[in-house]
J.: 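There's a structure below that I have some questions on.
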Amino acid sequence: MIGVFDSGIGGLTLLKELVKTLPKEDFLYYADTENVPYSYKTREQILEFVENAVIFLRKESCKAIVLACNTATNVSIEYLREKYDFPIIAIQPAVKVAFDNNEPDKRILACATPVTLSADRFENLINSLDINHIVDRLPLPGLVEFAENEIFEDEKVLEYLKTEFSKFDLNHYKYIVLGCTHFTYYENFIKKNFPSLTPVDGNEGTARHLKNTLETLGLLSVEGIGNMRFVESGNYVKDESRFLRYLGR
Ligand code: DGL
């Protein structure tokens with residue numbers, strides 16, 4: 001079984017991709033419902049929340065854990081990998097995908113939570129690609145709250161995005177990086193309402209990376225059935241309808 005962690009329902013967008021890539025694995029999805037959104041928490045708080053979830057998932061016999069939360073990755077991944085010796089795969093904003101496919105003279109709009117955008121790890125990623133001069137950062141914590149409240153194709157979301165995007169001249173951009181798993185729910189909405197922007201996220205890359213890691217370590221399952229169970233802040237979910245609804249989006 002593989003543990004998949006997010007602060008809330010955002011990581012289900014990645015879970016969907018994981019099931020597609022690894023149909024013979026079983027998954028245990030952990031949403032930290034009591035503490036979402038992480039956008040307004042301190043780094044110390046987030047580190048503690050993520051470590052608690054990792055310990056829980058490991059106790060439930062997960063052979064590998066996926067941080068399906070960019071915010072969690074940016075705050076905790078180095079610490080966790082140093083402390084624990086099981087595989088921890090972590091999503092991060094897909095700025096490399098945007099850069100590799102970018103058109104000359106276009107800028108990249110990197111959207112994520114404020115925690116991710118101000119993290120050293122994110123800064124190091126941008127610097128390692130030497131693209132600081134073409135990347136603009138836009139925190140969109142409001143999208144996390146809309147998604148948690150199941151507000152999707154809605155006028156309120158459009159107004160919010162219009163206000164946030166008005167800080168930039170969108171003609172200068174091709175790629176918008178959805179650097180928070182909650183944002184993926186708005187991929188089609190963004191395409192429809194801001195057709196000059198091409199959204200990219202880290203879901204496919206992370207799923208591929210998980211598959212490669214399991215293969216390399218000889219941990220790939222051949223007998224799972226893509227079974228899924230859900231946990232909210234340490235408690236198994238009995239009524240899974242909310243999770244299944246999000247997975248269906
Ligand atoms: N889904 C999370 C991410 O990918 C964070 C959302 C939040 O709790 O603010 O960054």
Side-chain angles (χ1 to χ4, degrees), residues 1-8 10-15 17-18 21-22 27-32 35-60 62-98 110-129 135 137 139 141 144 177-184 200-214 216-217 219 231 233:
M1 186 164 64
I2 295 167
V4 180
F5 169 81
D6 182 46
S7 60
L12 295 169
T13 62
L14 173 55
L15 177 61
E17 196 63 42
L18 298 178
T21 310
L22 295 161
F27 294 92
L28 182 57
Y29 183 87
Y30 189 117
D32 193 9
N35 298 307
V36 69
Y38 280 3
S39 305
Y40 308 111
K41 301 285 188 315
T42 65
R43 299 177 68 81
E44 290 71 26
Q45 285 173 309
I46 296 170
L47 186 60
E48 192 184 328
F49 298 150
V50 181
E51 188 170 20
N52 285 342
V54 165
I55 293 169
F56 179 97
L57 291 168
R58 192 62 181 168
K59 274 206 187 117
E60 296 302 288
C62 292
K63 62 183 173 186
I65 291 173
V66 179
L67 297 187
C69 176
N70 296 267
T71 309
T73 299
N74 277 289
V75 170
S76 66
I77 191 64
E78 273 86 15
Y79 168 83
L80 294 173
R81 286 198 178 131
E82 200 159 301
K83 187 156 170 191
Y84 299 102
D85 64 357
F86 45 87
I88 307 177
I89 279 60
I91 194 163
Q92 65 173 357
V95 281
K96 184 166 186 323
V97 180
C111 302
T113 64
V115 180
T116 294
L117 293 177
S118 61
D120 288 347
R121 191 167 207 273
F122 180 74
E123 219 44 45
N124 293 342
L125 172 66
I126 301 285
N127 289 336
S128 68
L129 299 168
V135 173
R137 295 153 178 80
V144 176
V177 176
L178 305 180
C180 166
T181 47
H182 284 75
F183 298 177
T184 296
V200 278
D201 65 34
N203 287 352
E204 246 183 76
T206 307
R208 246 192 337 264
H209 181 46
L210 173 63
K211 187 174 181 206
N212 291 341
T213 306
L214 295 178
T216 309
L217 298 174
L219 288 176
V231 170
S233 304

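The analysis underlying the following values was restricted to heavy atoms, covering all of them including side chains, and did not include hydrogens, waters or symmetry mates. Just so it is clear, the model here is predicted, and its values are computed rather than measured.
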J.: Can you check side chain to side chain contact (heavy atoms under 4.5 Å, CB included) on Asn70 and Thr113, steps first, answer last?
T.: CA-CA 8 Å; Asn70 296 267; Thr113 64; over 6 Å; no
J.: Considering only heavy atoms from C-beta outward, does the side chain of Leu12 approach that of Asp6 to under 4.5 Å?
T.: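 SC-SC contact between Leu12 and Asp6 ruled out.
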J.: Checking side-chain polar atoms at under 3.5 Å, does Ser7 have a donor or acceptor matched by the opposite partner on Asp32?
T.: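 There is no such pair (donor and acceptor under 3.5 Å, judged by atom type) between the side chains of Ser7 and Asp32.
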J.: Please round to the nearest 0.5 Å and tell me the distance separating atom NZ of Lys96 and atom OG of Ser128.
T.: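 Here the rounded value is 9.0 Å.
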J.: For residues Ala94 and Gly202, report the shortest heavy-atom separation together with the two atoms involved.
T.: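 Nearest heavy atoms, Ala94 then Gly202: CB-N, 3.9 Å.
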J.: Can you tell me how the ring of Phe5 sits relative to the ring of Tyr30, calling it parallel under 30°, perpendicular over 60° and tilted otherwise?
T.: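 Tilted.
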J.: Who passes side chain to side chain donor-acceptor pair (under 3.5 Å) against Tyr40, sequence neighbours left out?
T.: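 Listed in chain order: Glu145.
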J.: Please find the pair of heavy atoms, one from Ala110 and one from Val95, that lie closest to each other, and give the distance.
T.: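 Taking every non-hydrogen atom into account, CB-CG1, 4.3 Å.
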J.: Could you check if a side-chain atom of Tyr84 sits within less than 4.5 angstrom of a side-chain atom of Ile55, using non-hydrogen atoms only?
T.: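 In contact.
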J.: Distance from Glu123 atom CD to Asn74 atom CG, nearest 0.5 Å?
T.: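 The CD atom of Glu123 sits 10.5 Å away from the CG atom of Asn74.
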J.: Which residues pass the salt bridge (Lys or Arg N to Asp or Glu O under 4.0 Å) test with Lys41, sequence neighbours left out?
T.: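 Expected list: none.
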J.: Supply the atom-to-atom distance Phe122 CZ to Asn127 CG, rounded to the nearest 0.5 angstrom.
T.: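 The distance works out to 10.0 Å.
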J.: Run Thr213 and Thr216 through side-chain hydrogen bond (donor to acceptor under 3.5 Å, both in side chains) and show every step you take.
T.: CA-CA 5 Å; Thr213 306; Thr216 309; over 6 Å; no
J.: Compare all side-chain heavy atoms of Val75 with those of Glu44 and state whether any distance is below 4.5 angstrom.
T.: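 Not touching, per the 4.5 Å side-chain cut-off.
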J.: More than 12 foreign heavy atoms under 6.0 Å from CG of Asn124: is that the case here?
T.: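 Yes - once you tally the heavy atoms of other residues, nucleotides and ligands closer than 6.0 Å, there are more than 12.
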J.: Please check this pair: side chain of Thr13 against backbone of Thr181, looking for a donor-acceptor N/O pair closer than 3.5 Å.
T.: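 Yes, because the side chain of Thr13 sits within donor-acceptor range (under 3.5 Å) of the backbone of Thr181.
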J.: Please answer whether the main-chain N or O of Ala72 pairs with a side-chain N or O of Ser76 as donor and acceptor at a distance below 3.5 Å.
T.: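 Yes; at least one donor-acceptor contact below 3.5 Å.
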J.: To check you understand the geometry: which heavy-atom pair defines the closest contact between Pro141 and Pro139, and what is its length?
T.: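 It is CD-C, 3.3 Å.
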J.: Any idea which heavy atoms bring Gly11 and Val4 closest together, and the distance?
T.: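 Closest approach of Gly11 to Val4, heavy atoms only: O-CG1, 4.5 Å.
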J.: Step by step, would you call Leu28 with Ile2 a side chain to side chain contact (heavy atoms under 4.5 Å, CB included)?
T.: CA-CA 6 Å; Leu28 182 57; Ile2 295 167; over 6 Å; no
J.: Do any N or O atoms from the side chain of Lys63 and from the backbone of Leu219 form a donor-acceptor pair under 3.5 angstrom?
T.: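 Pair found, side chain donor or acceptor close to backbone of Leu219.
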J.: Taking the six-membered ring for Trp and the full ring for Phe, Tyr or His, determine whether the centres of Phe27 and Tyr29 are under 6.0 Å apart.
T.: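 Ring centres of Tyr29 and Phe27 not closer than 6.0 Å.
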J.: So do the side chains of Val50 and Tyr38 get within less than 4.5 Å of each other, counting heavy atoms only?
T.: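 Yes, side chains in contact.
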J.: Is there a side chain to side chain contact (heavy atoms under 4.5 Å, CB included) between Val115 and Ile46 once you walk through the steps?
T.: CA-CA 10 Å; Val115 180; Ile46 296 170; 4.1 Å; yes
J.: Let me confirm one number: the OG1-CD distance from Thr206 to Glu17, rounded to the nearest 0.5 Å.
T.: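 If we round to the nearest 0.5 Å, Thr206:OG1 and Glu17:CD are 9.0 Å apart.
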J.: About how many Å separate CD of Gln92 and CZ of Arg121, when rounded to the nearest 0.5 Å?
T.: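 Output value for this atom pair is 5.0 Å.
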J.: So if I apply the side-chain hydrogen bond (donor to acceptor under 3.5 Å, both in side chains) rule between Tyr79 and each of Arg81, Lys83, Glu82, which one comes out positive?
T.: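 Exactly one pass, corresponding to Lys83.
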J.: Going by atom types alone, do Thr184 and Asp201 pair a side-chain donor with an acceptor below 3.5 Å?
T.: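 Yes, a side-chain donor-acceptor pair sits under 3.5 Å.
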J.: Check the pair Ile89, Ile65 against side chain to side chain contact (heavy atoms under 4.5 Å, CB included), reporting the backbone distance first and the verdict last.
T.: CA-CA 6 Å; Ile89 279 60; Ile65 291 173; over 6 Å; no
J.: Sub-3.5 Å donor-acceptor pair from the side chain of Gln45 to the main-chain atoms of Thr42, do we have one?
T.: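 Yes, the answer is positive, given that a donor and an acceptor are paired below the 3.5 Å cut-off.
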J.: For the atom pair CD1 (Ile91) and SG (Cys180), what is the distance rounded to the nearest 0.5 Å?
T.: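 The distance works out to 9.0 Å.
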J.: If you count the non-hydrogen atoms of other residues, nucleotides and ligands that lie under 6.0 Å from CD in Glu51, is the total more than 12?
T.: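 Yes, because the 6.0 Å sphere around CD of Glu51 holds more than 12 heavy atoms from other groups.
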J.: Write down the atom of Ser39, the atom of Val144, and the distance for their closest heavy-atom approach.
T.: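 Answer, listing the atom of Ser39 first, then Val144: OG-CG2, 4.5 Å.
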